[in-house]
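Keep in mind that the numbers below use all heavy atoms, side chains included, and drop hydrogens, waters and symmetry copies.
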2 protein chains.
Amino acid sequence: MYSLAEENYLKAIYHLEQETKGEVSTNAIAERMATKPSSVTDMMRKLADKKLLSYKRYKGVLLTSEGRKTAANVIRKHRLWEVFLVEKLDFHWDEVHEIAEQLEHVQSEKLIAKLDQFLGNPDFDPHGDPIPDQHGNVKRTEKKLLSELDKKQRGVCVGVKESSSDFLQYLDKKKITIGTKVTVLGKEFFDGSMVIQVGRDQFFISKKIAENLYVQTN
Amino acid sequence: MYSLAEENYLKAIYHLEQETKGEVSTNAIAERMATKPSSVTDMMRKLADKKLLSYKRYKGVLLTSEGRKTAANVIRKHRLWEVFLVEKLDFHWDEVHEIAEQLEHVQSEKLIAKLDQFLGNPDFDPHGDPIPDQHGNVKRTEKKLLSELDKKQRGVCVGVKESSSDFLQYLDKKKITIGTKVTVLGKEFFDGSMVIQVGRDQFFISKKIAENLYVQTN
DNA sequence: AAATATTTTTAGTCTTATCTAAATATTAGA
DNA sequence: TCTAATATTTAGATAAGACTAAAAATATTT
């Protein structure tokens with residue numbers, strides 16, 4: 001088993017690897033974790049010793065498959081707990097992150113297996129992010145931004161790009177959540193704004209909104 | 001907020017206070033927590049500084065009302081999570097303790113309020129122990145040992161005295177759980193053994209079993 | 001390519017929670 | 001009550017994970 005600090009580092013590096021698609025720098029990790037670069041260096045040594053990542057001085061790090069699996073498992077737990085909080089305890093999707101940050105470190109294979117089953121083996125969390133399976137594999141989906149849709153196209157909301165509280169609350173107010181069907185009624189090329197249909201309501205959204213909402217079309 | 005170690009000390013002292021009905025000694029705490037007495041002394045200083053307990057060198061400790069409230073809240077969380085694990089995730093009551101030991105430290109008032117509601121505001125955990133309310137008050141019940149009942153008396157199983165895995169599994173096999181109604185059909189004064197009725201089944205139980213099962217009669 | 005700026009590492013310190021070994025109180029026995 | 005046994009505390013050390021300040025490596029500019 002790995003410590004809380006170790007798990008958090010692995011998770012941060014996992015996400016950063018996907019963003020940078022290559023070695024992750026000490027500074028990037030420090031910024032993401034809100035710690036100092038010197039603390040990161042220490043931890044990279046330790047994680048490299050444990051074969052969870054490869055590290056060469058001044059060169060940044062890359063997760064090993066063991067490290068990636070471990071990170072994915074923490075993320076799996078985080079997202080399953082988020083589903084639980086929203087679906088079973090009626091939390092809003094913009095208030096579950098911090099609680100899931102704590103729950104994700106609870107150690108029990110059996111607990112997660114049973115929780116997964118209890119929730120009906122969900123594939124996505126309340127923000128639309130995919131939930132890795134037991135082996136750390138994620139179901140990659142063809143999602144695009146709402147702003148990429150053209151007039152008359154339809155999409156199912158599957159996630160958000162930004163997840164600030166302000167934005168999530170806006171979506172809540174407009175009754176847009178994961179699974180909501182959205183139809184583009186009009187699109188203004190000048191400023192990228194749109195008129196969309198959600199349920200029985202039709203309303204205007206700015207380009208900024210459309211660029212932060214992922215939808216799946218098929 | 002208090003650290004994990006602090007919460008665990010408070011919890012242990014809370015239980016020990018109830019057992020000894022007075023000051024709790026350094027050695028007793030050390031034994032319960034599986035640490036050394038010197039570590040306990042250090043922590044008692046710290047908790048006394050924080051006004052969670054009163055401590056005089058060589059005299060043992062007593063929780064302050066703040067300390068007692070904090071301890072009760074941790075126990076409340078532990079027991080609510082145990083109910084969740086058994087009722088919702090179908091765990092057996094003999095395998096939930098260690099997982100609840102981890103879950104009890106998750107910090108979120110709102111989470112516990114919602115969990116409590118989700119579970120139907122239970123008064124007892126799967127072992128029959130009372131769940132403190134938000135203010136740390138416990139519903140004390142008039143429970144007695146099954147061995148104290150006489151022939152023809154009935155009782156509702158509300159808890160166990162010993163909670164070893166062997167014992168809990170025995171109860172499981174006999175379909176005895178919290179809420180199960182038990183009737184004493186016969187009692188042998190020579191060895192304290194009994195014949196009891198549980199549901200449609202009648203069977204023999206030894207004195208040792210009867211002395212470890214709490215029932216409520218009324 | 002040298003000079004400067006940036007990034008990363010090293011060295012040494014701090015805090016929390018633990019430990020061992022030694023010293024000191026308290027309690028119990030004769 | 002004096003001594004022996006037991007309980008508790010003190011002093012000093014350790015490991016994890018963080019920090020600051022300074023040194024070293026790498027990148028960027030001119």
Side-chain angles (χ1 to χ4, degrees), chain A residues 1-14 16-17 19-63 67 70-71 74 101-102 104-105 107, chain B residues 1-14 16-17 19-63 67 70-71 74 101-102 104-105 107:
Chain A
M1 286 310 101
Y2 302 106
S3 75
L4 197 141
E6 288 169 339
E7 286 194 348
N8 282 333
Y9 272 98
L10 290 174
K11 196 169 44 127
I13 295 165
Y14 180 96
L16 287 166
E17 255 188 16
E19 289 164 30
T20 67
K21 296 174 188 302
E23 286 83 9
V24 180
S25 77
T26 301
N27 266 8
I29 298 168
E31 192 177 352
R32 183 64 60 96
M33 307 264 313
T35 61
K36 302 292 167 181
S38 55
S39 308
V40 175
T41 300
D42 285 351
M43 186 57 94
M44 292 312 101
R45 279 248 164 62
K46 194 170 147 192
L47 294 177
D49 283 352
K50 295 189 176 187
K51 312 275 187 224
L52 293 168
L53 46 79
S54 62
Y55 165 67
K56 285 216 192 72
R57 277 156 65 253
Y58 295 101
K59 295 300 182 193
V61 299
L62 274 181
L63 293 174
T70 305
V74 177
E101 287 281 309
Q102 299 179 64
E104 73 188 8
H105 300 291
Q107 304 286 1
Chain B
M1 287 310 101
Y2 302 106
S3 75
L4 197 142
E6 288 169 341
E7 287 193 347
N8 283 333
Y9 272 98
L10 290 173
K11 198 169 42 125
I13 295 166
Y14 180 97
L16 287 167
E17 255 187 16
E19 289 164 29
T20 67
K21 297 177 186 302
E23 286 84 9
V24 179
S25 75
T26 301
N27 265 9
I29 298 168
E31 192 178 352
R32 184 64 59 96
M33 308 263 314
T35 60
K36 302 292 165 180
S38 55
S39 309
V40 174
T41 299
D42 285 351
M43 185 56 94
M44 293 311 101
R45 279 246 166 63
K46 194 170 147 193
L47 294 177
D49 284 351
K50 296 190 177 185
K51 313 273 187 226
L52 293 168
L53 46 78
S54 63
Y55 165 68
K56 286 217 190 71
R57 278 155 64 254
Y58 295 100
K59 295 300 182 196
V61 299
L62 274 181
L63 292 175
T70 305
V74 176
E101 287 280 309
Q102 299 179 63
E104 73 189 8
H105 300 292
Q107 305 287 0

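- Base pairing of C:dT15 is made with D:dA16, judged by Watson-Crick or G-U wobble geometry with both donor-acceptor distances under 3.5 Å.
- Between B:K11 and B:E101 a salt bridge is recorded (basic side-chain N to carboxylate O distance below 4.0 Å).
- Atoms CE (A:M44) and C1' (C:dT8) sit 13 Å apart, rounded to a whole Å.
- Neither OP1 nor OP2 of C:dT8 sits under 4.0 Å from any side-chain N or O of A:Y55.
- In this structure, the nucleotide among C:dT24, D:dT10, D:dC19 sitting nearest to the side chain of B:R45 is D:dT10.
- A search for side chain to side chain donor-acceptor pair (under 3.5 Å) contacts involving B:E17 returns B:R68, not counting sequence neighbours.
- Regarding B:E31, its CD atom lies at a distance of 13 Å from the C1' atom of D:dA7, rounded to whole Å.
- Taking atom CG of A:D42 as the reference point, atom P of D:dA15 lies 15 Å away to the nearest angstrom.
- As a whole-Å value, the separation of B:M33 CE from D:dT8 P is 16 Å.
- C:dA22 atom C1' lies 16 Å from atom NZ of B:K36, rounded to whole Å.
- Counting non-hydrogen atoms under 4.0 angstrom, A:T41 reaches a base of the nucleic acid.
- Counting distance only, with no hydrogens placed and no angle test, the side-chain atoms of A:S38 and the base atoms of D:dT20 include a donor-acceptor pair under 3.5 Å.
- Atom CG of A:N27 and atom P of D:dA25 are 18 Å apart (whole Å).
- One atom, CZ of B:R57, and another, C1' of C:dT27, lie 17 Å apart when rounded to the nearest Å.
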After noting the C-alpha distance and the side-chain angles of A:Y9 and A:V40, does the key distance pass the side-chain contact (heavy atoms from CB on, under 4.5 Å) rule? CA-CA 9 Å; A:Y9 272 98; A:V40 175; 4.1 Å; yes
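- Under 4.0 angstrom from either OP1 or OP2 of D:dA18 there lies at least one side-chain N or O belonging to A:Y9.
- D:dA16 atom P lies 8 Å from atom NZ of A:K50, rounded to whole Å.
- Across all strands shown, A:T26 has heavy atoms under 4.0 Å from sugar-phosphate atoms exclusively, and none from any base.
- If A:A5 and B:P37 are placed on DNA chain D by their nearest nucleotide, the residue sitting closer to the 5' end is B:P37.
- For A:K50, the NZ atom is densely surrounded, since the number of other residues' heavy atoms within 6.0 Å is greater than 12.
- In this structure, A:E23 contributes its side chain and A:K59 its backbone to no donor-acceptor pair below 3.5 Å.
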